[in-house]
Number of protein chains: 2
Amino acid sequence: MLKANKSCIERLYRYRNTLIKLKSIGFVKVFSDNLADGVGVPATQVRKDFSIFGLSGNKRGGYIVDELIEKLNHVLGKNKPVSIIVVGKGNIGSALVHYKGFEKEGIKIVAAFDVDPSKTGHTDDIPVLPTSELKGFVKQHNISVGIIAVPDAAAQQVADVMIESGIKGILNFAPIRLNMPEDIIIHHVNLELELETIIYFVNALNRKVKQEPKQWIEKN
Amino acid sequence: MLKANKSCIERLYRYRNTLIKLKSIGFVKVFSDNLADGVGVPATQVRKDFSIFGLSGNKRGGYIVDELIEKLNHVLGKNKPVSIIVVGKGNIGSALVHYKGFEKEGIKIVAAFDVDPSKTGHTDDIPVLPTSELKGFVKQHNISVGIIAVPDAAAQQVADVMIESGIKGILNFAPIRLNMPEDIIIHHVNLELELETIIYFVNALNRKVKQEPKQWIEKN
DNA sequence: TAGATTGTTAATCGATTAACAATC
DNA sequence: TAGATTGTTAATCGATTAACAATC
């Protein structure tokens with residue numbers, strides 16, 4: 001496959017989102033400049049990204065919206081829905097189960113898992129099963145993506161079971177590093193780290209304003 | 001200030017986390033190699049990061065754990081707790097309010113806000129106020145960081161009010177681009193995008209295995 | 001001292017951006 | 001045609017990594 005990194009794939013999804021909005025406004029064709037404005041990148045980035053995936057338009061004529069969406073759907077595998085699971089039915093896990101944003105992207109959480117028997121059951125619209133049933137469920141339903149939303153101390157163990165079960169991609173909310181085989185795709189959402197870095201830069205900004213009030217004000 | 005990007009700051013926090021763990025095991029001094037192993041980066045990266053912030057050790061002697069933690073605390077502003085707010089008391093907002101991971105990092109959510117009167121009140125341990133009171137609250141308590149956890153359609157408006165109120169840093173969970181003055185620090189957590197990219201790479205991996213079964217197996 | 005580790009300068013690498021020829 | 005836009009090659013930029021002198 002080609003040299004497409006995470007950022008590049010994210011941009012493709014954003015181009016697609018922009019295209020869908022533009023289509024809903026009535027656009028029939030777009031130029032790389034339009035997509036660039038919509039996503040906030042240079043037009044040359046758009047064309048570069050497209051060229052990596054052989055997404056071509058018409059010299060001088062831009063791109064046909066419908067065709068481009070269709071091609072992006074194909075590249076991004078958006079034509080068929082994907083079933084995923086969540087392990088951990090605490091604060092984060094519960095929020096994800098009820099989160100409305102996934103379904104419209106064709107992502108369906110089909111089951112949650114928790115070790116706490118008081119949390120398991122079928123009261124929600126999706127079942128909450130004991131974690132001991134994780135492996136069987138994943139194999140039976142051929143799940144390949146799962147979310148880890150358990151306490152730090154349990155995360156590695158859960159990850160191990162997931163991988164044993166055949167899961168290939170993991171979104172991990174536990175703020176620790178997990179040991180994984182190289183061929184497993186893992187992304188981390190580290191909420192405290194996100195906040196901490198924001199706080200750092202806000203503080204840095206404050207220090208800067210205080211230290212160099214003159215230049216700072218001129219520059220802004 | 002120096003050329004420290006988000007990744008670099010994140011690594012500093014990770015070094016600090018590793019140091020705290022090593023200290024709890026009884027380490028008194030560490031080498032850049034130890035920190036590198038703990039965080040999963042090359043040792044040269046560790047020393048480079050430190051040099052940017054003037055964090056020095058002893059040639060041949062490594063770094064004194066306590067001193068290094070203290071210096072990192074100073075650089076990262078971890079010596080005083082930070083109060084933040086959350087706007088939107090839906091799934092995500094509620095999960096964040098109850099999330100246990102912030103407090104140990106000195107981050108305290110002091111209030112949540114929602115437009116829905118049925119969600120406001122003081123039943124939780126932190127107050128949920130009407131969004132109309134956001135500006136007053138932020139000014140009164142001098143809050144500089146806030147989280148956006150409202151539906152997409154409301155996110156830009158909430159961001160505008162936050163900035164008017166004096167907030168300088170925002171963590172945004174709404175999967176849309178927000179227009180901001182340049183001096184506002186904004187980070188995005190886009191959950192659907194995280195899952196979508198994982199799904200993409202998992203699919204890409206599957207295709208690869210199917211297309212080049214021989215080389216693939218050899219390589220792994 | 002000899003060996004090990006730091007701190008920094010230089011090289012590499014990958015991604016972004018600019019330039020521009022192709023062409024509709 | 002002339003002008004505008006694509007697609008690609010080359011240049012730039014920033015971050016990571018390697019090399020190595022300094023030194024404890």
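Reminder, nothing fancy here: chain letters follow the sequence lines and each chain counts from 1. Side chains are part of it too, since the values below use all heavy atoms of this structure and drop only hydrogens, waters and symmetry mates.
For the pair B/Ile52 CD1 and C/dG7 C1', the interatomic distance rounds to 12 Å; values are reported in whole Å. One can place CZ of B/Arg47 at 15 Å from P of C/dA4, the figure rounded to the nearest angstrom. With rounding to whole Å, A/Asn34 atom CG is found 11 Å from D/dT5 atom C1'. Rounded to a whole Å, the CG atom of A/Asp33 is 15 Å from the C1' atom of D/dG7. If you take CZ of B/Phe31 and P of C/dA4, they are 11 Å apart, rounded to a whole angstrom. For the pair A/Ile64 CD1 and D/dT6 P, the interatomic distance rounds to 12 Å; values are reported in whole Å. C/dG7 atom P lies 9 Å from atom NZ of B/Lys71, rounded to whole Å. When rounded to the nearest whole Å, the span between CD of A/Glu10 and P of C/dA15 equals 13 Å.
Annotation: B/Phe113 is in aromatic contact with B/Phe137 [ring centroid separation under 6.0 Å].
Remark: the backbone N or O of B/Phe31 is paired with a side-chain donor or acceptor of B/Asn34 at under 3.5 angstrom.
Counting only N and O atoms by type, the side chains of B/Asp49 and B/Tyr15 include a donor and acceptor under 3.5 Å apart. A/Tyr99 and B/Glu192 share a donor-acceptor pair across their side chains, judged by distance under 3.5 Å alone. Side-chain polar atoms of B/Asn190 and B/Glu194 form no donor-acceptor pair below 3.5 angstrom.
Note on A/Tyr63: only backbone sugar-phosphate atoms sit closer than 4.0 angstrom, heavy atoms only; bases stay farther off.
Partner assigned to C/dT12 is D/dA15, using Watson-Crick or G-U wobble distances below 3.5 angstrom. Pairing for D/dG7 goes to C/dC20, judged as Watson-Crick or G-U wobble with the two contacts each under 3.5 Å.
Nearer to the 5' terminus of DNA chain C, by closest-nucleotide assignment, is the contact made by B/Phe50 (compared with the other of A/Pro42 and B/Phe50). Positionally, the nearest nucleotide of DNA chain D for A/Gly61 lies more toward the 5' end than for the other of A/Gly61 and B/Ser7.
For B/Lys48, whose side chain is taken as the heavy atoms from C-beta onward, the closest listed nucleotide among D/dT23, C/dT9, D/dG7 is C/dT9. In this structure, the nucleotide among C/dT16, C/dG7, C/dT9 sitting nearest to the side chain of A/Arg11 is C/dT16.
Dashed line: the shortest gap from a side-chain N or O of A/Thr44 to OP1 or OP2 of C/dA18 is not under 4.0 Å. A close approach under 4.0 Å does not occur between any side-chain nitrogen or oxygen of A/Arg60 and OP1 or OP2 of D/dA2. Close to D/dG14, at under 4.0 Å from its OP1 or OP2, lies no side-chain N or O of B/Asn5.
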